[in-house]
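All heavy atoms count here, side chains included; hydrogens, waters and symmetry mates do not. Per chain, numbering begins at 1; letters A, B, ... match sequence-line order.
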There are 2 protein chains.
Amino acid sequence: MEFCSLPTNTSGMGQYDQGVGKRSDRIANDIKRWVIENELAAGDKLPNEKQLVDIFQCAKGTMREALKSLEVQGLIAIRTGPSGGPTLIEVSYKRTTELLRNFLQFRDVSVEQIYQMRKIVEVELAVSVVGLLPPEAIDKLENQVGKCCANSIDRSRRHVHLNLRENELSFHDILASYCPNPLLAFNAQFLTELLRNFIDFRFDHISQYETFTQSNIDFHRKLVVAYKKEDQKKIRKLMTAHMEDCEQHTLSLNGTLSKNLMLS
Amino acid sequence: MEFCSLPTNTSGMGQYDQGVGKRSDRIANDIKRWVIENELAAGDKLPNEKQLVDIFQCAKGTMREALKSLEVQGLIAIRTGPSGGPTLIEVSYKRTTELLRNFLQFRDVSVEQIYQMRKIVEVELAVSVVGLLPPEAIDKLENQVGKCCANSIDRSRRHVHLNLRENELSFHDILASYCPNPLLAFNAQFLTELLRNFIDFRFDHISQYETFTQSNIDFHRKLVVAYKKEDQKKIRKLMTAHMEDCEQHTLSLNGTLSKNLMLS
DNA sequence: TAGCTTTATTTATCAGTATAAATATAATTA
DNA sequence: TAATTATATTTATACTGATAAATAAAGCTA
């Protein structure tokens, strides 16, 4: 979509206008409003920095702060060079989880609370994708379980354990990727991300870790079978038990939520 | 907590250092890391703009972009004047919901999908706060139901309907405020916010709207009774039915999610 | 002491310059 | 001609200095 001049400069004209709040914030909001009104979509380009400065009659620095705001919100990407400038992008899962982690940074969240959420989210998701999985999805899931098994031959070192958890969790990511409900899928992915990257384990219970891994493999295998039969009831039962089981293992391994949620 | 000099300027020194990404982003990350390492908390003050410029040996504009980033992320508030400058704040629910709405802006979310989420979140939340509600919480809930009744005398105009929805939803906000799980509480509040501010109704079915309102009042009243008895089973049943009922009413009123999610 | 005024401090905005990075285009080479 | 290299152009990024606005604290007035 072509750029067709931003509408009347609602955020004030001339320097030091009377509007409320910071100029850069008002400009950022005006640009958002303009994007919505013109039904722009990801991939569409905004006017470049210089043009925006002309349109809004503001200083370069002010405009840069406005653009930085949109960038941090995950709404635009900025590139240099010819045909560069600010481009609208779909706010990514990644960016959104980063911002949501900021929220959790200053609050205490326990492993129990993560699983309280996960027990309802993963079960609902698992049940809801029944009938929506194309053959290649089943393949992917089966493949995933296979990787876990292959890796479990060597299980004596720390990084292997980490790798196993990675694999276990990607089973759930695959399921989430076939969930048509963005709210549900996002929550599921956010929770698996927390477990993947922000749980500090004590690695002094290797045997328990092995049990954990084996238990996961069993559940995933059974889930694949149930998905092949599209047996919704069975899937609900299995995923509920699976989450319960994961929670217990994580707790007995003394998993705690990291204090570095803010850092990517 | 006092400011005690930021650590070695890891984001590079001198102009145009070789680090990856933008200088302002690296600085923002360094400040985050420093906050975590020094276990700063909401209320603590960061060095002011000029001091930060000295510490990071960067230009004022660059530092302002870094601070804007932190501000947009909801991590700091900036005030002018003496004893002003950037102050750490708890990332607020409000800010987080704004950022999450950006995420949904470019995806299609249906009323059914909102309720798919709400049916599991509100039920889990309702059940989990049993036994955690102090007497004043019950009072608040009862009060809330009372307001709905009072308002339902005059129900002929649009804004009254909006006001009723407002009241109905604040019943759920009260419940959420007593939920110790930030993940659960946040999700619940986010969903009620969507319903409160971002559902466009067609107001051509006044009678259905009345039925909706009355139905809500009934459910809320019954829920209060159940909370007084701390009857968890009853609460689960009631809330499940309540959400199901809400969904049906919303659907028959042709509620659709607004296209203006990005705007506050 | 209550209310008002001044002053000092700090961010917010403006203006302009210089540098780096990315890309398109032209020139060169094989 | 195809591929590579050099050049020019476009754009963001970064730096500097000056002015305006906001606010807290100190001082003044009644």
Q: Starting from C1' on C:dC14, measure out to NZ on A:Lys22 and report it in whole angstrom.
A: 16 Å
(Q) Rounding to an integer number of Å, can you tell me how far A:Lys50 NZ sits from D:dT9 P? (A) 15 Å
Q. Between atom CG in A:Leu52 and atom C1' in D:dT13, what is the gap in whole Å?
A. 16 Å
Q: Rounded to the nearest angstrom, tell me the gap between atom CD in A:Gln57 and atom P in C:dC14.
A: 10 Å
Q: For side chain to side chain contact (heavy atoms under 4.5 Å, CB included), just list the numbers for A:Thr62 and A:Phe56, CA-CA rounded to whole Å, side-chain angles, deciding distance to a tenth of an Å, and then say yes or no.
A: CA-CA 10 Å; A:Thr62 307; A:Phe56 283 94; over 6 Å; no
(Q) Between B:Gln144 (side chain only) and B:Phe171 (backbone N and O only), is there a donor and an acceptor less than 3.5 Å apart? (A) no
Q: Would you indicate what A:Glu49 reaches in the nucleic acid, counting non-hydrogen atoms under 4.0 angstrom: base, sugar-phosphate, or nothing?
A: base
Q | Residue A:Thr80, side-chain heavy atoms: nucleotide from D:dA14, C:dA21, D:dT23 that is nearest | A | C:dA21
Q.
In whole Å, I'd like the distance from the CZ atom of B:Arg23 to the C1' atom of C:dT19.
A. 15 Å
Q: State plainly whether the residues A:Arg196 and A:Glu193 are in salt-bridge range, i.e. N to O under 4.0 Å.
A: no
Q: Please report, rounded to the nearest Å, how far the C1' atom of D:dA12 is from the CG atom of A:Leu70.
A: 16 Å
Q | Rounded distance in Å - CD1 (B:Ile78) to C1' (C:dA12) | A | 10 Å
Exercise answer: donor-acceptor pairs, residues 68-79 of chain A side-chain atoms, under 3.5 Å, sequence neighbours excluded:
residue	atom	partner	partner atom	Å
A:Lys68	NZ	A:Glu71	OE1	3.0
A:Lys68	NZ	B:Ser24	OG	3.2
A:Lys68	NZ	B:Asp25	OD1	2.7
A:Ser69	OG	A:Gln73	NE2	3.0
A:Glu71	OE1	B:Lys22	NZ	3.4
A:Glu71	OE2	B:Lys22	NZ	2.6
A:Gln73	OE1	A:Lys32	NZ	2.8
A:Gln73	OE1	B:Asn102	ND2	3.1
A:Gln73	NE2	A:Ser69	O	3.4
A:Arg79	NH2	A:Ser83	O	3.2

Q. From C:dA15, D:dA14, D:dA24, pick the nucleotide closest to the side chain of A:Ala59?
A. C:dA15
Q. Considering only side-chain heavy atoms of A:Pro82, which listed nucleotide, C:dA24, C:dA8, C:dA12, is closest?
A. C:dA24
Q. How long is the line joining CZ of A:Arg79 and P of C:dA22, in whole Å?
A. 10 Å
Q: Locate the shortest heavy-atom distance separating A:Asp108 from A:Gln113; write the atom from each residue and the value.
A: O-OE1, 3.5 Å
**Q.** Stretch residues 60-68 of chain B: residues that reach within less than 4.0 Å of DNA chain D through a heavy atom
**A.** B:Lys60, B:Thr62
**Q.** Aromatic ring pairing A:Phe103/B:Phe186, orientation class (parallel under 30°, perpendicular over 60°, tilted between)
**A.** tilted
(Q) If the cut-off is 4.0 Å, is A:Ser83 near the phosphate of D:dT11, judged by side-chain N/O to OP1 or OP2? (A) no
Q. What distance do A:Leu52 atom CG and A:Gln57 atom CD have between them, rounded to the nearest 0.5 Å?
A. 12.0 Å
